[in-house]
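Quick note: numbers below take in every heavy atom, side chains included, and nothing from hydrogens, waters or symmetry partners. Please read these numbers as outputs of a predicted model, since none were measured by experiment.
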Amino acid sequence: MIRSLSRRDFLRRSAVAGVALGAAAPLAWGDARSADEKVFKSHGPGEMWLKNSDKLIEQFIRPLPEGQRVNDQICSSRRLENVFYIDLGKHAVVIDSGFDHQVQHHLDNLESLGCDLSRVVAILATHSHVDHTGGVKKARERLKVPVVAHANAVEPITTGDRFRTAAEMPEIKGWKFDFPPCPVDLTIDHGDVIEIDDQRIDVLHLPGHTPDCVGYVWNGHFFTGDAVFGAGLIGWAHERWRSNYTDHADTILGLIQSGPDAQMFYCAHGPMLPYSVAVPEACLLTLKRLLANDADPCNHTPRAPRRTADVGPRVLQLPAA
Ligand SMILES: [Zn+2]
Ligand SMILES: [Zn+2]
């Protein structure tokens, strides 16, 4: 179980835990390893997005996504966002829907790669943001399967709240997308197991970027949503989304101290990457910098509601009888 830490506890414990926070150089965003990541100059939308959003939206968000077979069991469809299909043998799951304007293209791509959409038993949502679940209503209608999301995602997804879902970001010119409200059929929380035939998918609550971020771990493959990227990066934060850095640091510490047994990870943006404890350790440096800035509103948002000790982890069997 990921424990809850106050911000002060986090800083103290990180120092004691041998994570050499004090000795580490501050993370310079220009040091990020991939060209894509250099667009982020700070933790929110970087200068490039703020200045050239119209161009970037046309370049990265509007064009059709591309499908890719990752291996025998996993396929992805990618534009700005990733949508995944996991073949579990008899049945399959889809992770996220992508934007509303992309969802049908994502599903078409997966089908053209040989993914059998009729075997899908659930759409597993990583979080309530428009680029990942804006299209979930159309995906649910086409696949006729339940939408599974964290309990904290029920409100934004079922109302299509324009601001909590990032469907609108007033500071980014042209960032206005549809988020048709959609029912959440099944809720999940930290420690739950989704059982599909003889396969198990472990659920990790990873709050911070939003209160409803979850990761899914299947067979050594870790689907991290926007909670953890490579090169120490994490998803943008905004108080409108109820982003909270103490939650995020808590999430990252949980991954360092008792993380999943995974060899590869799949972010909701960008390519798959090898996974080790070095991945969350790099994110911890980012969080340290963010926690130190008391002027950042995401240090003052409410903490994410979490599963309480009296409600233990559950096993969710799919397809539902
Ligand atoms: Zn997000
Ligand atoms: Zn995202």
Side-chain angles (χ1 to χ4, degrees), residues 25-65 78-82 96 98-102 126-135 156 160-179 207-213 224-249 267-271 282-283 285-301:
L27 184 79
W29 289 88
D31 294 344
R33 274 167 268 176
S34 96
D36 279 1
E37 288 152 0
K38 286 183 182 165
V39 304
F40 297 93
K41 288 201 78 174
S42 71
H43 191 58
E47 215 172 280
M48 248 176 89
W49 271 98
L50 296 173
K51 282 190 180 158
N52 302 305
S53 57
D54 287 351
K55 209 171 94 200
L56 293 172
I57 287 168
E58 289 314 310
Q59 190 179 345
F60 292 116
I61 299 183
R62 292 292 177 196
L64 294 183
R78 178 178 177 197
R79 178 45 52 201
L80 179 79
E81 74 279 22
N82 291 320
D96 285 338
F99 282 102
D100 180 68
H101 69 274
Q102 296 286 30
T126 61
H127 64 295
S128 61
H129 274 168
V130 67
D131 42 341
H132 310 291
T133 41
D161 184 302
R162 306 272 317 142
F163 295 102
R164 274 187 71 184
T165 62
E168 280 188 44
M169 294 175 67
E171 50 281 86
I172 301 187
K173 194 165 154 259
W175 188 288
K176 267 191 185 184
F177 300 99
D178 291 334
F179 196 120
H209 170 67
T210 67
D212 53 46
C213 286
T224 60
D226 281 356
V228 175
F229 298 132
L233 298 176
I234 53 176
W236 294 353
H238 204 292
E239 70 266 34
R240 281 197 307 269
W241 311 336
R242 306 185 186 178
S243 305
N244 179 286
Y245 297 139
T246 306
D247 276 335
H248 211 139
C267 318
H269 303 279
C283 295
L285 301 180
T286 304
L287 263 309
K288 186 206 171 201
R289 181 176 63 79
L290 295 166
L291 284 162
N293 181 10
D294 199 55
D296 192 317
C298 296
N299 278 316
H300 303 282
T301 46

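A distance-only check finds no donor-acceptor pair linking the side chain of W241 to the backbone of H129 [under 3.5 Å]. Judged purely by atom type and a 3.5 angstrom limit, D161 uses its side chain to pair as donor or acceptor with the backbone of F163. In terms of modelled atom types and a separation under 3.5 Å, the side chain of N299 and the main chain of L290 share a donor-acceptor contact. Listed for the D226 side chain is no donor-acceptor partner under 3.5 Å among the backbone atoms of A268. At distances below 3.5 Å, at least one donor-acceptor pair connects side-chain atoms of T286 with backbone N or O atoms of G232.
Of all heavy-atom pairs between E81 and F99, the closest is OE2-N, 3.1 Å. The two residues V130 and A166 make their nearest non-hydrogen contact at CG1-O, 3.4 Å. S243 and A237 get closest at one heavy-atom pair: OG-CA, 3.4 Å. Contact detail for P65 and Q102: the closest heavy-atom pair is CD-OE1, 3.1 Å. Here the closest heavy-atom approach between residue S53 and residue K173 is recorded as OG-O, 2.5 Å. Taking every heavy atom of both residues into account, H209 and H127 meet most closely at NE2-NE2, 3.4 Å.
When side chains are defined from C-beta on, I234 counts as touching L287, because their heavy atoms get closer than 4.5 Å. Two residues are said to be in side-chain contact when any heavy atoms from C-beta on lie closer than 4.5 Å; F177 and I61 meet this criterion. Under the 4.5 Å side-chain criterion, counting only non-hydrogen atoms from C-beta, H300 is not in contact with E239. Taking the side chain as every heavy atom from C-beta outward, P271 and R78 approach each other to under 4.5 Å. Within the 4.5 Å cutoff, no side-chain heavy atoms of L56 are placed close to those of I172. You'll find the side chain of H269 reaches within 4.5 Å of the side chain of H132, heavy atoms only.
With sequence neighbours excluded, the residues forming a salt bridge (charged side-chain N to carboxylate O under 4.0 Å, His left out) with D247 are R303, R306, listed by chain and number. Remark: T301 engages N244 in a side-chain hydrogen bond (donor to acceptor under 3.5 Å, both in side chains) (not counting sequence neighbours). Residues that satisfy the salt bridge (charged side-chain N to carboxylate O under 4.0 Å, His left out) test with R242, not counting sequence neighbours, are absent from this structure. Partners of N52 according to the side-chain hydrogen bond (donor to acceptor under 3.5 Å, both in side chains) rule, which considers only residues two or more places apart in sequence or in another chain, do not exist here. T210 is linked by a side-chain hydrogen bond (donor to acceptor under 3.5 Å, both in side chains) to D212, counting only residues two or more places apart in sequence or in another chain. For F179, the ring pair (Phe, Tyr, Trp, His ring centres under 6.0 Å) test picks out no residue, with sequence neighbours left out.
Between atom CD of residue E168 and atom CG of residue D178 there is a gap of 10.0 Å, rounded to the nearest 0.5 Å. One distance of note links OG1 of T133 with CG of D100; it measures 11.0 Å at 0.5 Å rounding.
Taking the six-membered ring for Trp and thresholds of 30 and 60 degrees, W49 and F60 have ring planes inclined between 30 and 60 degrees apart.
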### Pair T246-L291, side chain to side chain contact (heavy atoms under 4.5 Å, CB included): steps then yes or no
CA-CA 7 Å; T246 306; L291 284 162; 3.8 Å; yes

### Task
Apply side chain to side chain contact (heavy atoms under 4.5 Å, CB included) to R62 and H101, showing your working.
CA-CA 8 Å; R62 292 292 177 196; H101 69 274; 3.8 Å; yes

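Between E171 and H238, the side chains place a donor N or O and an acceptor N or O closer than 3.5 Å (distance only, hydrogens not considered).
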